[in-house]
Amino acid sequence: MSVAVVLFTSDLRVHDQPVLRAALRGAERVVPLFVRDDGVRAAGFDAPNRLAFLADCLGALDAGLRQRGGRLILRTGDVVDEVCRVVRESGARRVHVAAGVSRYATTREERLRTALREAGCALDVHDAVMTAVPPGAITPAGGDAFAVFTPYFRRWSETRLREVCAAPRTVRVPDLASDPLPERPDAEHVSPGLPEGGEAAARKRLTAWLADGIESYEDRHDDLPGDATSRLSPYLHFGCLSPVEAVHRARGKGGAGAEAFVRQLAWRDFHHQVLAARPEVSWSDYRPRGDAWRSDREEIAAWREGRTGYPVVDAAMRQLAHEGWMHNRGRLLVASFLTKTLYVDWRVGARHFLDLLVDGDLANNQLNWQWAAGTGTDTRPGRVLNPLTQATRFDPGGDYVRRWLPELAELPGNKIHRPWLLPPEDRARLTYPDPIVDLAEGRDRFARARG
DNA sequence: GCGTCTTTCGG
DNA sequence: CGAAAGACG
């Protein structure tokens with residue numbers, strides 16, 4: 001009776017799951033394995049919000065496997081040691097895993113390859129699981145990865161995606177010991193408005209999004225109070241949802257909204273192919289600009305806690321704390337404020353986002369931060385998003401700020417964006433700080449340091 | 001066929 | 001400003 005191991009990583013689903021599918025094709029029984037990896041914990045990638053979401057994902061994956069006659073096998077420890085242990089216990093001849101792009105993922109793959117070779121076991125690494133188009137599948141004329149999105153997107157759009165593969169009807173799992181499913185961390189450490197994780201929730205969300213939301217995406221994706229984005233990012237990050245399936249189904253829907261949404265999915269692939277080619281840019285500048293970042297503890301704390309005195313910045317930061325998620329327009333604007341106005345190192349912001357974001361993804365997070373900081377692939381590194389212009393454009397009625405800053409909720413219309421302009425007696429009644437930095441001074445900091 | 005120059009255009 | 005693609009030599 002042949003056995004194969006499926007090592008689940010960021011692909012916690014049974015639908016359109018090429019790793020599981022390949023294992024089932026080649027073996028009569030499979031071990032669906034997830035390892036709660038000590039290495040991930042050591043690297044600081046086990047923030048409570050993502051651990052809570054992950055607990056949901058594993059519960060849902062186990063449920064999906066049980067519906068098919070199987071179950072999830074959970075182990076804890078070093079991922080390579082645990083895979084080898086399960087291979088020995090089950091007599092598996094082959095291990096399947098999805099390709100990853102971070103240094104952590106590629107090192108894991110190399111270590112697995114070496115350890116399994118010694119154990120006489122094969123390793124199959126599968127593409128087009130985490131992204132729709134695999135990193136390296138399309139390259140520019142003279143290089144190994146695209147550095148500009150537009151030409152990348154042209155090629156990406158012409159690339160034929162693999163077909164969606166059906167969820168298996170039955171999954172036969174050998175009798176092996178498993179750790180219990182993990183619990184969510186204590187509620188006090190988790191954002192109260194965190195979404196529910198797992199494949200069932202992901203599929204429900206995608207279906208709802210395609211039925212109602214995607215058609216107005218092009219017009220409304222930047223509307224802060226409208227909150228009309230897909231909210232699929234955490235499901236894509238943990239692989240509860242296949243990006244290939246998301247692209248196929250969005251294209252099937254058609255229209256300008258679907259096109260704009262697919263374009264965002266291509267951004268995900270773009271960042272993954274950059275990081276795959278240059279794994280070091282997760283923490284070092286893609287294009288060093290000679291920045292001499294400032295590091296004022298009080299300013300950084302004010303940014304983190306949403307008390308910079310710029311209401312739209314603070315509203316977005318409070319949304320992050322409350323939901324473990326932030327509107328994309330908010331992400332761009334708070335990142336620009338930290339790196340261009342306060343002139344603080346993008347790594348400080350990227351770390352904070354990774355600590356809280358339920359979709360915190362190394363490729364997308366780090367490269368979008370570098371885009372904001374001007375150290376990334378962007379060819380206009382001097383771009384500064386003015387928080388007041390952003391507020392007027394994307395929260396014209398002030399409703400987004402009103403939702404997240406109750407202390408300003410009584411201010412009417414767009415007056416909410418400039419509380420410092422209130423008559424002194426009204427201003428004095430507010431428990432809201434004055435701006436911690438003048439925008440003109442912020443511009444100077446940046447201009448002086450960059451030369 | 002391959003470096004380099006030119007044009008275009010950009011989150 | 002700089003990446004990409006096509007022209008040019």
Side-chain angles (χ1 to χ4, degrees), chain A residues 131-133 135-159 217-224 226 228-230 232-233 236 247 256-278 281 285-291 312-313 316 326-341 346 349-350 353 357 359 361 363-387 389-395 443 446-451:
Chain A
T131 57
V133 172
I138 49 179
T139 52
D144 53 358
F146 282 89
V148 176
F149 178 72
T150 308
Y152 175 77
F153 184 56
R154 197 176 309 126
R155 291 281 301 284
W156 186 92
S157 301
E158 293 161 358
T159 304
Y217 182 70
E218 195 192 20
D219 301 333
R220 299 186 60 209
H221 72 277
D222 270 332
D223 173 4
L224 282 167
T229 65
S230 75
L232 288 170
S233 54
L236 287 164
V247 173
E259 253 173 65
F261 176 65
V262 166
R263 187 183 165 86
Q264 294 306 311
L265 295 174
W267 268 103
R268 230 183 128 256
D269 285 12
F270 174 73
H271 288 139
H272 279 75
Q273 58 99 46
V274 171
L275 192 60
R278 300 269 307 273
V281 301
D285 293 348
Y286 181 89
R287 224 187 294 284
R289 310 273 186 194
D291 284 297
V312 75
V313 172
M326 193 195 291
H327 192 290
N328 184 57
R329 176 50 53 181
R331 299 187 196 199
L332 298 178
L333 120 210
V334 303
S336 181
F337 185 80
L338 184 75
T339 58
K340 296 280 175 56
T341 305
W346 63 267
F353 270 31
L357 278 175
D359 59 31
D361 179 277
N364 295 318
N365 188 63
Q366 310 306 86
L367 291 169
N368 275 316
W369 269 97
Q370 294 221 43
W371 179 84
T375 63
T377 57
D378 189 20
T379 54
R380 290 150 82 175
R383 173 202 322 266
V384 179
L385 306 183
N386 180 317
T389 313
Q390 295 281 308
T392 310
R393 194 174 298 162
F394 303 115
D395 186 26
R443 265 194 300 279
F446 179 60
R448 256 183 285 126
R450 275 272 171 96

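Just so you know, these numbers use all the heavy atoms, side chains as well, and skip hydrogens, waters and symmetry mates. Each chain gets a letter, A, B and so on, in the order its sequence line appears, and its residues count up from 1.
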For nucleotides 2-5 of chain C, give me every protein contact, N/O to N/O, under 3.5 Å, one pair per line with atom names.
| unit_1 | atom_1 | unit_2 | atom_2 | d |
| --- | --- | --- | --- | --- |
| C/dA3 | OP1 | A/R287 | NH1 | 2.4 |
| C/dA4 | OP1 | A/A147 | N | 2.9 |
| C/dA4 | OP1 | A/V148 | N | 3.4 |

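- Here the C1' atom of nucleotide B/dG10 and the CH2 atom of A/W371 are 11 Å apart, to the nearest Å.
- For A/R380 and C/dC1, the CZ to C1' distance is 10 Å, given to the nearest whole Å.
- The side-chain contact (heavy atoms from CB on, under 4.5 Å) search around A/T159 returns A/V133, A/I138, not counting sequence neighbours.
- Applying the side-chain contact (heavy atoms from CB on, under 4.5 Å) test to A/Q264 and every residue at least two apart in sequence or in another chain returns A/Y217, A/W267.
- When the side-chain contact (heavy atoms from CB on, under 4.5 Å) test is applied to A/T389, the partners found at least two apart in sequence or on another chain are A/N386, A/R393.
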Could you run down the sub-3.5 Å N/O contacts of the protein with nucleotides 7-9 of chain B?
none

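- Note on residues 137-152 of chain A: no pairs pass salt bridge (charged side-chain N to carboxylate O under 4.0 Å, His left out), not counting sequence neighbours.
- For the salt bridge (Lys or Arg N to Asp or Glu O under 4.0 Å) test, residues two or more places apart in sequence or in another chain that qualify with A/R278 are A/E280.
- Within 4.0 Å (heavy atoms only), A/N328 reaches at least one base atom of the nucleic acid.
- Applying the side chain to side chain donor-acceptor pair (under 3.5 Å) rule to A/W371 yields the partners A/D378; only residues at least two apart in sequence or on another chain are considered.
- When the side chain to side chain donor-acceptor pair (under 3.5 Å) test is applied to A/S336, no partner is found at least two apart in sequence or on another chain.
- Evaluation of the side chain to side chain donor-acceptor pair (under 3.5 Å) rule for A/D285 yields A/W346, A/R347 as partners, not counting sequence neighbours.
- By the 4.5 Å heavy-atom criterion applied to side chains, A/V281 and A/Q370 are counted as neighbours.
- Contacts of A/D223 classified as side chain to side chain donor-acceptor pair (under 3.5 Å), with partners at least two apart in sequence or in another chain: none.
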Using a cut-off of under 3.5 Å, enumerate the N/O to N/O pairs linking the protein to nucleotides 6-9 of chain C.
none

